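Take a look at the structure set out below.
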Amino acid sequence: MPVTPSTQASPAVTPVTEAEVIAAFARREHAGRALAGDVERIARAAQAMAARFHLGGKLIVFGDGGAGSDAAHVAVEFMHPVIVGKRALAAVALSNDATTGRDGENGGDAAEVFAHQVRHWADASDMALGVSRDDRCVSVPRGLRTAGELGLLTIALTCGEARGDGQGGEVADHVLVAASDDPAVVKEVHVTAYHLLWELVHVFFDRLGPPARRASR
């Protein structure tokens with residue numbers, strides 16, 4: 001039978017609905033402007049990552065809870081570029097390995113889950129990028145600190161209204177903060193941030209000339 005369009009009228013957009021839409025944008029404005037103001041920090045992080053990739057390093061990404069999906073997203077972006085002609089750059093998401101993660105937790109300390117994997121997967125020439133949407137997360141900062149102790153370049157995507165100095169402090173060499181406590185906004189800012197990192201890494205990488213070959217382990 002042919003499908004006919006519904007004759008039911010769409011509900012009118014009321015002033016209340018408009019106010020809700022305006023409020024939704026307003027919740028995102030501060031965090032979005034803060035990220036835009038972090039252009040120098042983002043550029044420095046991307047340049048440092050490009051240098052590591054150029055020398056044959058790989059990117060190790062991890063995130064706690066829902067941020068584990070962001071870790072997987074980051075790894076896919078670098079390994080399987082959606083833009084034709086962009087180079088695939090080696091990246092792996094530790095959050096994808098559920099079995100290893102559970103084994104680490106069963107060992108008695110859930111906070112060690114990423115640190116344990118970094119110790120066994122990483123080389124000093126690599127990079128570690130940790131994603132956390134919750135200030136209470138302990139496994140991501142511990143994983144980043146372990147990576148730093150091993151000589152890896154470290155990048156943190158964090159959250160919260162309080163902003164650091166952008167120099168990394170005790171957490172990472174490069175820290176990008178989603179300036180919000182709203183989980184939905186934090187997620188959106190993090191996605192934008194790592195897309196910017198991906199794009200700028202390629203810009204810097206292409207300026208460095210032919211890349212080095214990674215030595216076999």
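Source: prediction; values computed, not measured.
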Name all residues meeting the salt bridge (Lys or Arg N to Asp or Glu O under 4.0 Å) criterion together with [X]; count only those two or more places apart in sequence or in a different chain, and write none if there are none.
X: Arg142; value: Asp109, Glu112
X: Asp70; value: Arg133, Lys187
X: Asp182; value: Arg27

His73: which residues meet the ring pair (Phe, Tyr, Trp, His ring centres under 6.0 Å) condition with it, sequence neighbours left out? Tyr194, His195
Ring pair (Phe, Tyr, Trp, His ring centres under 6.0 Å) involving Phe204 - partner list, sequence neighbours excluded: none
Check the hydrophobic clustering (I, L, V, M, F, W, Y; side-chain heavy atoms under 4.5 Å; chains of links allowed) and say if [X] and [Y] are grouped together.
X: Val185; Y: Ile42; result: yes
X: Val131; Y: Val191; result: yes
X: Leu94; Y: Val76; result: no
X: Leu150; Y: Val140; result: yes
X: Met79; Y: Val92; result: no

Looking only at heavy atoms, what is the nearest atom pair of [X] and [Y], with distance?
X: Ala50; Y: Leu208; value: O-CD1, 3.9 Å
X: Ala31; Y: Val189; value: CB-CG2, 3.8 Å
X: Thr158; Y: His190; value: O-NE2, 2.7 Å
X: Ile60; Y: Ala122; value: CD1-CB, 3.6 Å
X: Leu144; Y: Ala156; value: CD1-CB, 3.6 Å
X: Val113; Y: Ser139; value: CG1-CB, 3.8 Å

Trace of the side chain to side chain contact (heavy atoms under 4.5 Å, CB included) decision for His116 with Thr146: CA-CA 9 Å; His116 172 77; Thr146 298; over 6 Å; no
Measure the shortest side-chain to side-chain distance between [X] and [Y] over non-hydrogen atoms and say whether it is less than 4.5 angstrom.
X: Asp123; Y: Lys58; value: yes
X: Leu59; Y: Val74; value: yes
X: Phe78; Y: Val201; value: yes
X: Cys137; Y: Asp64; value: yes

Which pairs count as salt bridge (Lys or Arg N to Asp or Glu O under 4.0 Å) when at least one residue sits in residues 76-95, sequence neighbours excluded? none
If you measure from [atom1] on [X] to [atom2] on [Y], what distance do you get to the nearest 0.5 Å?
X: Asp134; Y: Asp181; atom1: CG; atom2: CG; result: 10.0 Å
X: Leu129; Y: Leu176; atom1: CG; atom2: CG; result: 8.5 Å
X: Leu89; Y: Met49; atom1: CG; atom2: CE; result: 9.0 Å
X: Leu152; Y: Asp173; atom1: CG; atom2: CG; result: 9.5 Å

Just wondering, more than 12 heavy atoms not from Arg33 lying within 6.0 Å of its CZ? no
I'd like to know whether Glu149 forms a salt bridge (Lys or Arg N to Asp or Glu O under 4.0 Å) with Arg145, so could you lay out the CA-CA distance, the side-chain angles of the two residues, the decisive distance to 0.1 Å, and finally the verdict. CA-CA 6 Å; Glu149 291 166 1; Arg145 282 194 291 271; over 6 Å; no
